[in-house]
Colleague: 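Mind having a look at this structure? Questions to follow.
Excluded from the calculations below are hydrogen atoms, water molecules and symmetry mates; all remaining heavy atoms, backbone and side chain alike, are included. Start at 1 and go down the list; that is how both ligands and their atoms are numbered.
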Amino acid sequence: IQSSAPEAVPGRLRTLPLGQLNFLHTTDTHGWHAGHLQEASYGADWGDYISFTQRLREKIEAEGNDLLLVDTGDRVEGNGLYDASSPTGKYTRQIFSQQNIDIICSGNHELYKANTTDREFIDLIPAYGSNYLASNLDVIHPKSGERVPLAQRFRKFKTKNHGIKVTAFGFLYDFTGNDKNSFVQKVEDTIKEQWFQDAIKDRSVDVFLVAGHVGLRQSEFSNVFKAIRAAQWDVPIVFFGGHTHIRDYVKYDDKAYGLESGRYMETIGFQSVSGLPSRKHDEKKLELRTASYSFARRYIDNNLFSFYSHTGLDESTFPTEVGQNVSAQITKAREALNLDEVFGCNPRVLWMSRVPYPHKDSIFSWLGSRVIPEKAIDDHRKDYPRIIYANTGAMRFDIFEGPFTRDTTFIVSPFTSGFRYIKNVPFDIADRLLKVINDGNNFLGLSHSLLTDRQLKSPDQINLTQDYVASSTQNQHTTDPEDPPLTPGYTTHDDAGDDGDDTIHSEISHYQIPNCIESRVNINEDQNSHESQEETVDVVFLDFIQPWMLEALRMLGAEYTSEDTIPYAGGRSFTEMIAEWVSENWQGDC
Ligand SMILES: O=c1ccn([C@@H]2O[C@H](COP(=O)(O)O)[C@@H](O)[C@H]2O)c(=O)[nH]1
């Protein structure tokens with residue numbers, strides 16, 4: 001654990017439903033390998049997770065059972081530990097790869113930038129060898145320049161104790177925002193390929209393991225499920241998903257379940273399956289393919305209280321040598337990167353989605369009313385009327401009260417996007433742009449299949465179809481008055497019910513946030529009628545959303561191309577602007 005991490009708060013815990021074949025799952029860690037230094041529920045670091053894995057393995061193997069580890073990508077971008085180094089990820093790949101992982105695959109963030117993909121290929125894939133799977137991903141080999149699979153397409157292996165035969169795959173959803181040195185083949189095309197068809201027809205397999213940087217309820221996974229079921233009706237399947245940043249557990253049928261384990265090292269996912277044959281101990285059971293299997297899941301809050309409780313250990317018996325070394329390496333890396341350097345002192349918490357938008361405590365209201373109008377300024381156009389657009393997915397995390405550090409800049413906005421603009425767009429068109437972009441019916445996605453609006457917002461908003469408002473009168477206690485009071489946290493509802501979270505928490509509200517926000521600057525308009533004296537305005541937008549902006553303009557009858565867009569505000573990144581604004585405006589004491 002990092003010395004500045006807050007101590008875990010004891011809570012009422014549900015135990016781990018250990019079984020014959022057990023899994024621990026991480027996804028979308030996004031560089032948060034130091035853990036959460038301002039939130040007690042998620043304060044454990046990657047070194048603690050290594051200790052937890054080693055200790056839990058000892059416990060599981062002592063019973064003769066098996067434990068496998070899975071990671072489903074987006075390990076990079078989103079925290080200073082990864083983003084603040086030059087080159088990015090200088091420390092994290094070495095830190096991360098000290099965890100033994102049995103099945104690992106790539107997320108979309110490993111592919112946004114060519115250099116990230118090259119480092120994945122050069123550093124991480126050799127560290128994991130045949131455990132790294134890329135069922136639908138090719139890359140340009142960094143040395144030979146040839147197109148090659150990023151990693152092996154699938155893997156067959158036997159578990160250590162029961163000798164269970166596993167066939168595993170590693171998919172990425174149908175991502176299209178990758179750089180030029182990678183190729184993502186659609187999942188629906190991949191599953192028609194001969195190697196996949198042969199792999200799923202193998203009758204000797206005991207369990208299919210489908211890992212993927214794919215939301216569990218996305219069509220990519222239901223297509224894989226249908227393909228496997230068309231080949232084999234009776235083999236159990238375990239899915240491990242990612243990308244949508246939520247805790248989720250899905251029942252595909254009574255022999256197929258999937259687990260998604262949140263985001264940012266908040267959650268260590270646990271899944272178990274029992275009823276599989278034990279090839280080492282019980283050859284007779286091999287014929288019992290139709291035996292009833294049992295599946296279970298748990299979402300573990302990433303903190304030492306949970307880790308100690310689930311292993312039955314304590315401060316002195318829990319840490320392992322490797323785990324402690326990794327924690328020390330994280331501390332050193334954070335120091336080398338100067339991540340605790342304070343840029344400003346935030347007077348009050350700003351939430352991504354715990355409050356509606358607009359709201360005085362909304363990060364988006366703060367950006368739209370202060371940061372964007374005050375910092376997104378182009379010296380040559382500063383007196384012109386303009387409307388500035390930012391997608392809400394550009395923001396990644398809440399800003400807590402207190403020190404806003406170098407680390408916070410990357411946590412809040414890890415992207416390198418800056419602004420571009422189109423000059424002199426008719427006001428009556430610009431005035432309606434936001435409505436088109438925020439249309440709840442995926443208007444743009446219908447007109448242009450690559451431009452779904454889900455790509456504009458934060459991943460945890462993708463499946464949120466209505467506001468979730470925590471009851472103000474909710475019980476702050478469990479039914480047992482002896483239990484400690486509940487702390488706010490995850491209260492997950494999934495296909496198996498409401499008892500998935502290991503820690504019993506009180507609820508947190510989660511509101512729907514629009515795809516994009518706008519800031520209007522130098523525009524004289526009647527607030528009620530929206531009538532303006534301006535005939536034209538500059539339309540300024542984050543470069544990431546340019547394709548959506550051009551499509552929305554086209555739908556409103558204004559044809560522009562990428563040739564018409566010009567860098568704005570000297571090409572400075574949005575992240576730099578936020579950090580500057582904080583340095584200039586939040587100069588109190590923390
Ligand atoms: O330059 C960028 C890249 C991405 N985004 C936003 O992030 C999500 C994808 O998040 P994941 O963690 O990969 O799931 C994307 O849909 C955008 O909303 C961005 O704003 N700018």
Side-chain angles (χ1 to χ4, degrees), residues 26-32 71-79 82-83 88 105-117 120 137 171-179 182 184 212-218 220 241-248 260-267 352-353 363-364 367 372 388-397 409-420 437-438 442 444-445 450-464 512-517 541-549 571-578:
T26 46
T27 190
D28 296 87
T29 50
H30 284 288
W32 285 76
D71 182 87
T72 46
D74 273 12
R75 294 169 283 277
V76 302
E77 297 176 343
N79 189 288
Y82 175 88
D83 290 278
T88 51
C105 63
S106 169
N108 49 313
H109 276 261
E110 278 80 15
L111 309 180
Y112 274 119
K113 294 196 182 121
N115 184 43
T116 317
T117 312
E120 191 75 2
L137 270 184
F171 287 99
L172 173 63
Y173 74 93
D174 298 342
F175 174 54
T176 52
N178 48 314
D179 211 333
S182 61
V184 184
H213 194 75
V214 181
L216 294 178
R217 295 170 200 272
Q218 284 181 223
E220 288 91 334
H243 182 56
T244 54
H245 287 196
I246 56 170
R247 291 180 173 185
D248 200 7
E260 183 171 340
S261 304
R263 58 170 197 180
Y264 306 156
M265 278 285 285
E266 291 171 350
T267 305
M352 293 272 293
S353 62
I363 201 166
F364 301 108
L367 289 169
I372 293 176
I388 309 167
Y389 302 84
N391 65 309
T392 53
M395 290 291 111
R396 306 294 286 196
F397 205 61
T409 57
F410 297 104
I411 285 173
V412 171
S413 178
F415 304 116
T416 47
S417 288
F419 288 91
R420 297 182 74 82
I437 297 168
N438 283 346
N442 187 25
L444 296 176
L450 291 181
L451 299 179
T452 58
D453 63 1
R454 62 193 299 158
Q455 298 168 70
L456 295 172
K457 51 191 167 195
S458 170
D460 59 303
Q461 290 278 324
I462 293 174
N463 291 325
L464 195 68
Q512 285 184 286
I513 300 300
N515 300 330
C516 286
I517 57 167
F541 48 84
L542 280 177
D543 55 19
F544 177 78
I545 62 172
Q546 177 164 306
W548 287 268
M549 295 301 297
R572 284 181 311 127
S573 77
F574 190 26
T575 309
E576 284 172 67
M577 292 177 187
I578 295 170

Colleague: Pair T176, V184 - check side chain to side chain contact (heavy atoms under 4.5 Å, CB included), show working.
Modeller: CA-CA 7 Å; T176 52; V184 184; over 6 Å; no
Colleague: Please write down residue, atom name and distance for the protein heavy atom closest to atom 9 (C) of ligand 1.
Modeller: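 Protein heavy atom at minimum distance: Y112 OH, 3.7 Å.
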Colleague: I want to know whether F410 and F397 have ring centres closer than 6.0 Å.
Modeller: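 Centroid separation for F410 and F397: 6.0 Å or greater.
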Colleague: For atom 13 (O) of ligand 1, what's the nearest protein heavy atom and its distance?
Modeller: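 Its nearest protein heavy-atom neighbour is N108 ND2, 2.5 Å.
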Colleague: Using atom types as modelled and distance alone, determine if a side-chain donor or acceptor of D28 lies under 3.5 Å from a backbone N or O of H245.
Modeller: no
Colleague: Under 3.5 Å, side chain of Q546 to main-chain N/O of D543, donor-acceptor pair present?
Modeller: no
Colleague: At what distance is the nearest protein heavy atom to atom 6 (C) of ligand 1, and which residue and atom is it?
Modeller: G393 O, 3.5 Å
Colleague: Quick one: nearest non-hydrogen protein atom to atom 1 (O) of ligand 1, plus distance?
Modeller: F544 CD1, 3.4 Å
Colleague: Under 4.0 angstrom from ligand 1, any heavy atom of H30?
Modeller: yes
Colleague: Quick test: of every protein heavy atom, which one is nearest to atom 20 (O) of ligand 1, and how far off is it to 0.1 Å?
Modeller: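 That would be N391 ND2, 2.9 Å.
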Colleague: Distance under 4.0 Å to a non-hydrogen atom of H245: what atoms of ligand 1 satisfy this?
Modeller: 12 (O)
Colleague: Please confirm whether the backbone N or O of G241 pairs with a side-chain atom of T72, one donor and one acceptor, at under 3.5 Å?
Modeller: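 Yes; judged by distance alone, with no hydrogens or angles, the pair exists.
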Colleague: Can you find an N or O of K457 that's nearer than 3.5 Å to an N or O of ligand 1?
Modeller: yes
Colleague: Looking only at distances, please establish whether an N/O atom of ligand 1 is found under 3.5 Å from an N/O atom of D74.
Modeller: yes
Colleague: What protein heavy atom sits nearest atom 11 (P) of ligand 1, and how far off is it?
Modeller: H109 NE2, 3.2 Å
Colleague: Check ligand 1 against S417 and write out every atom of the ligand that is under 4.0 Å from a heavy-atom position of the residue.
Modeller: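 Taking each heavy atom of S417 in turn, ligand 1 has 1 (O) under 4.0 Å.
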Colleague: Can you see whether S413 engages T575 through a side-chain donor-acceptor pair at a distance of less than 3.5 angstrom?
Modeller: yes
Colleague: Ignoring hydrogens and angles, state whether a donor on the side chain of E120 or S106 is under 3.5 Å from an acceptor on the partner side chain.
Modeller: no
Colleague: Nearest to atom 17 (C) of ligand 1 by heavy atom, Q455, R454, M395: which?
Modeller: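 Of the listed residues, Q455 has the closest heavy atom.
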Colleague: Answer yes or no for R396: is there a heavy-atom contact with ligand 1 below 4.0 Å?
Modeller: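 R396: in contact with ligand 1 (<4.0 Å).
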Colleague: Just by distance, do the side chain of Q461 and the backbone of I513 share a donor-acceptor pair under 3.5 Å?
Modeller: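 Between the backbone of I513 and the side chain of Q461 there is a qualifying donor-acceptor contact (under 3.5 Å).
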Colleague: Please identify which atoms of ligand 1 are closer than 4.0 Å to at least one heavy atom of A394.
Modeller: 20 (O)
Colleague: Compute whether any side-chain donor of one residue and acceptor of the other, for S573 and E576, lie under 3.5 angstrom apart.
Modeller: yes
Colleague: Got C516 and N438 here, is their nearest side-chain heavy-atom distance under 4.5 Å?
Modeller: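 Yes, side chains in contact.
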Colleague: Please state which protein non-hydrogen atom is closest to atom 3 (C) of ligand 1 and give its distance, to 0.1 Å?
Modeller: F415 CE2, 3.3 Å
